[in-house]
Amino acid sequence: MKLKPLPPFLLLAQLLFSQAIADTRATFENEQIKVRVTTNAPQPISAFYEGRGFQKNMINVLKQQCFVSVFIRNKSDDFIWLDLSQWQFHHVDGKIKRLDRHYWKERWKQMNIPMAHQSTFRWTLLPEELDFYPKEKEGGNIILPRSGKPFNIMARFDTGKNRSGKPILVRFENITCKVDK
């Protein structure tokens, strides 16, 4: 079977995306968990959603946000729990309110965005809660309002089958949201 070459706009999107993440990556790793965060510039985010047929008004809203891609791997033989309500985001002016699934559901409803696009968008977000089985991996986006200021992330992961183990605290400092070059 012969593979078709990617269309030029997808090749460009792939190139921009790889350049956008090159210098905005931070990693935390210990014997239990590996967490990597990466911010993304507006252009590759736009190209990704445009390539899936999203409406221009939807893409314009998304370009104004700070997309933080998070990749998590449970390296342990125990359960690790993701619960985004236990994550905190701060910059010099104080707490940053994460734009969660509920926010986006209401925003897309107000804009009359088709359900198919809403569903695709939700698929790209990091789950609000997830129990990571031993050796399991997961990734997705967290969306913050774009401020232009460096920010910190404090992430808490409960451990143990019943969330009764010692929590894992992960901190990332001076994360910057990537901008288009």
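Here the CG-NZ distance, from Asn74 to Lys34, works out to 13.5 Å after rounding to the nearest 0.5 Å. Between the CG atom in Asn112 and the CE atom in Met58 there is a gap of 12.0 Å [rounded to 0.5 Å]. Between the CG atom of Leu62 and the CZ atom of Arg146 there is a distance of 11.5 Å, given to the nearest 0.5 Å. Here the straight-line distance linking atom CG of Asp78 with atom OH of Tyr133 works out to 12.0 Å at 0.5 Å rounding. To the nearest 0.5 Å, the span separating CD1 on Ile33 from CZ on Phe157 amounts to 4.0 Å. The CZ atom of Arg73 lies 6.0 Å from the CD atom of Glu29; values are rounded to the nearest 0.5 Å.
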**Study point:** Evaluation steps, side chain to side chain contact (heavy atoms under 4.5 Å, CB included), between Thr124 and Phe48
**Key:** CA-CA 11 Å; Thr124 67; Phe48 175 85; 3.7 Å; yes
**Study point:** Check against side chain to side chain contact (heavy atoms under 4.5 Å, CB included), Thr27 and Phe172
**Key:** CA-CA 8 Å; Thr27 302; Phe172 295 103; 5.5 Å; no
Practice item. Check the pair Met111 / Asn57 against side chain to side chain contact (heavy atoms under 4.5 Å, CB included), numbers first and verdict last. Key: CA-CA 8 Å; Met111 293 175 63; Asn57 61 342; 3.7 Å; yes
Exercise for review: Starting from the C-alpha separation in whole Å, work towards a yes-or-no answer on side chain to side chain contact (heavy atoms under 4.5 Å, CB included) for Leu99 and Leu144.
Suggested key: CA-CA 6 Å; Leu99 304 177; Leu144 303 173; over 6 Å; no
Practice item. May I have the step-by-step check of salt bridge (Lys or Arg N to Asp or Glu O under 4.0 Å) for Arg163 and Asp83, ending in yes or no? Key: CA-CA 11 Å; Arg163 298 177 93 153; Asp83 181 350; 3.4 Å; yes
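Taking all atoms of both residues into account, the shortest heavy-atom contact from Arg25 to Thr38 is CG-OG1, 3.8 Å. In this structure, Arg156 and Pro167 approach most closely via the heavy-atom pair NH2-CG, 3.5 Å. When all heavy atoms of Pro44 and Ala41 are compared, the closest pair comes out as CD-O, 3.2 Å. The shortest non-hydrogen separation linking Cys177 to Phe151 is N-CE2, 4.2 Å. Val61 and Gln65 get closest at one heavy-atom pair: O-NE2, 3.0 Å.
The shortest distance between side-chain heavy atoms of His91 and Ser147 falls below 4.5 Å. Looking at Lys178 and Asn40, their side chains never come closer than 4.5 Å, going by heavy atoms from C-beta outward. The side-chain heavy atoms of Glu138 and Leu82, taken from C-beta on, include no pair separated by under 4.5 Å. With contacts defined as side-chain heavy-atom distances shorter than 4.5 Å, the pair His102/Glu106 qualifies. Contact annotation: the side chain of Arg98 approaches that of Leu84 to within less than 4.5 Å [non-hydrogen atoms, C-beta and beyond]. Leu125 is listed as a side-chain neighbour of Ile143, based on a closest heavy-atom distance under 4.5 Å. Proximity of Trp123 to Phe121: side-chain heavy atoms (C-beta onward) are nowhere separated by under 4.5 Å. Ser85 places none of its side-chain heavy atoms less than 4.5 Å from the side chain of Glu128.
There is no side-chain donor-acceptor pair under 3.5 Å between Asn152 and Gln88.
More than 12 heavy atoms of other shown residues, nucleotides or ligands fall within 6.0 angstrom of atom NZ in Lys135.
Under a 3.5 Å cut-off, the side chain of Thr159 and the backbone N or O of Lys166 do form a donor-acceptor pair. No donor-acceptor pair under 3.5 Å is formed between the side chain of Ser119 and the backbone N or O of Met115. Judged purely by atom type and a 3.5 angstrom limit, Ser69 has no side-chain atom pairing as donor or acceptor with the backbone of Asn141. Looking only at distances, no side-chain donor or acceptor of Ser164 sits under 3.5 Å from a matching main-chain atom of Gly160. Formation of a donor-acceptor pair under 3.5 Å by the Thr176 side chain with backbone atoms of Pro150 is not found in this model.
Placement of Leu130 and Phe71 in two distinct hydrophobic clusters is found when ILVMFWY residues are connected by side-chain heavy-atom separations under 4.5 Å, directly or transitively. Note on Val170: it does not cluster hydrophobically with Phe79, by side-chain heavy-atom contacts below 4.5 Å among ILVMFWY residues. Linking ILVMFWY side-chain heavy atoms closer than 4.5 Å, directly or via other members, places Ile168 and Val35 in a single hydrophobic cluster.
You'll find the ring centres of Phe132 and Trp81 outside the 6.0 Å limit. If you look at Trp108 and Tyr103, their ring centroids are not closer than 6.0 Å.
For the pair Glu50 and Arg52, the salt-bridge criterion is not met [side-chain N within less than 4.0 Å of a carboxylate O].
Between Phe54 and His117, the ring planes lie tilted relative to each other; the angle falls in the 30° to 60° range.
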